[in-house]
Amino acid sequence: MSMDIDELMKRLFELYPEASNDAFKDPFFALISTVMSHRTRDDVTYPAASKLFEKFSTPEEMVRADVSEIEILIKDVGFYRVKAGRIKEISRLLLEKYDGRVPDDMEALLELPGVGRKTANCVLAHAFLKDALAVDTHVHRISNRLGLVETKAPEETEIELKKIFPQKYWRHINLLLVKLGQNTCRPISPRCKTCALDDICPKILL
DNA sequence: AAAACGGGGGC
DNA sequence: GCCCCAGTTTT
């Protein structure tokens, strides 16, 4: 028996109607905040990214800024020194190669420092509204718990999920499952009692 | 394939 | 005080 995907998505959209965050519609914010999010909880990442963009919000302002100033603004996130350097270098490359714009294709994004497949997919899905499916640890874990896939590597999860979900849903999956994963379907001690998906979840991998 | 990068928050 | 977290890069 396979899960009703339309029913699953209907419930997720009802749970998190605000999941299409307006801030991510700025490609530069989507890119930089996602680079900042690596191995860092999203409730720490977002405030730090917002604080950074209050001061510097364009590639021009980032390259002009002192690295130490960027470091101070984002110092709540993990790897903040490495990330501050990447933010400067990404900004420099955007100005040099793309006239200060964020490119909207996977290959170009992957050439930027600190940008891997997950980050590139997030930018394509959230900022450019492309049919990209970004798989992070939340998407990977929850997809397996729901019994949708039985996968080990995130790349494998992306391939399998694309077979299961209609293409129109792909770009929404990441933010919806991240939100579910943050407060309910947590990595450790998930709150199944109060989960809106409790009746359709087989609770695999708990 | 595995280690390294690194500060914050939950327990 | 210990362990894990919106991954990517390097060994």
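Each chain gets a letter, A, B and so on, in the order the sequences are listed, and its residues count up from 1.
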Specify the separation, in whole Å, of atom CZ of Arg186(A) and atom P of dG10(B). 9 Å

Are more than 12 heavy atoms, taken from residues, nucleotides or ligands other than Glu107(A), located less than 6.0 Å from that residue's CD atom? no

Have Thr119(A) and His38(A) got a donor and an acceptor in their side chains that come within less than 3.5 Å? yes

Considering only atom P, compute the distance from dT8(C) to dG9(B) and round it to an integer number of Å. 23 Å

Gap between atom OG1 of Thr157(A) and atom NZ of Lys152(A) - 0.5 Å precision: 10.5 Å

Could you say whether Tyr80(A) or Arg191(A) is positioned toward the 5' end of DNA chain B, judged by the nucleotide with the nearest heavy atom to each? Tyr80(A)

Taking the same atom, P, in dG8(B) and in dT9(C), what whole-Å distance lies between them? 24 Å

What nucleic acid atoms does Leu175(A) come within less than 4.0 Å of, heavy atoms only: base, sugar-phosphate, or nothing? base

So what does Phe24(A) touch, heavy atoms closer than 4.0 Å: a base, only the sugar-phosphate, or nothing? base

Taking the nucleotide of DNA chain C with the closest heavy atom to each, which residue, Thr119(A) or Pro187(A), is nearer the 5' end? Pro187(A)

Taking any atom closer than 4.0 angstrom to a non-hydrogen atom of chain A, what span of DNA chain C does the protein reach, first nucleotide to last? dC4(C) to dT9(C)

Give a yes or no on whether a salt bridge exists between Lys163(A) and Glu160(A), defined as a side-chain N under 4.0 angstrom from a carboxylate O. yes

Applying side chain to side chain donor-acceptor pair (under 3.5 Å) to Asn174(A) and Asp136(A), what does each step give before you reach the verdict? CA-CA 8 Å; Asn174(A) 178 263; Asp136(A) 52 43; 2.7 Å; yes

Could you measure between the two P atoms, the one in dA4(B) and the one in dA6(C), and give it in whole Å? 22 Å

Base, sugar-phosphate, or nothing: which does Val139(A) touch, judged by heavy atoms less than 4.0 Å apart? nothing

Between dG1(C) and dG6(B) - P atom distance, rounded Å: 24 Å

Between dA3(B) (P) and Phe79(A) (CZ): distance, integer Å: 15 Å

For Ala108(A), is there any backbone N or O sitting under 3.5 Å from a side-chain donor or acceptor partner on Asp105(A)? yes

Quick one, Tyr16(A) and Leu175(A) - any side-chain contact, counting heavy atoms below 4.5 Å? no

Under the side chain to side chain contact (heavy atoms under 4.5 Å, CB included) rule, what do Leu161(A) and Trp170(A) come out as? Steps first, then yes or no, please. CA-CA 9 Å; Leu161(A) 287 180; Trp170(A) 292 0; over 6 Å; no

Taking DNA chain B as the partner, which of residues 30-45 of chain A come within under 4.0 angstrom of it by heavy atom? Arg39(A), Thr40(A)

Residue Glu69(A) excluded, over 12 heavy atoms near CD under 6.0 Å: yes

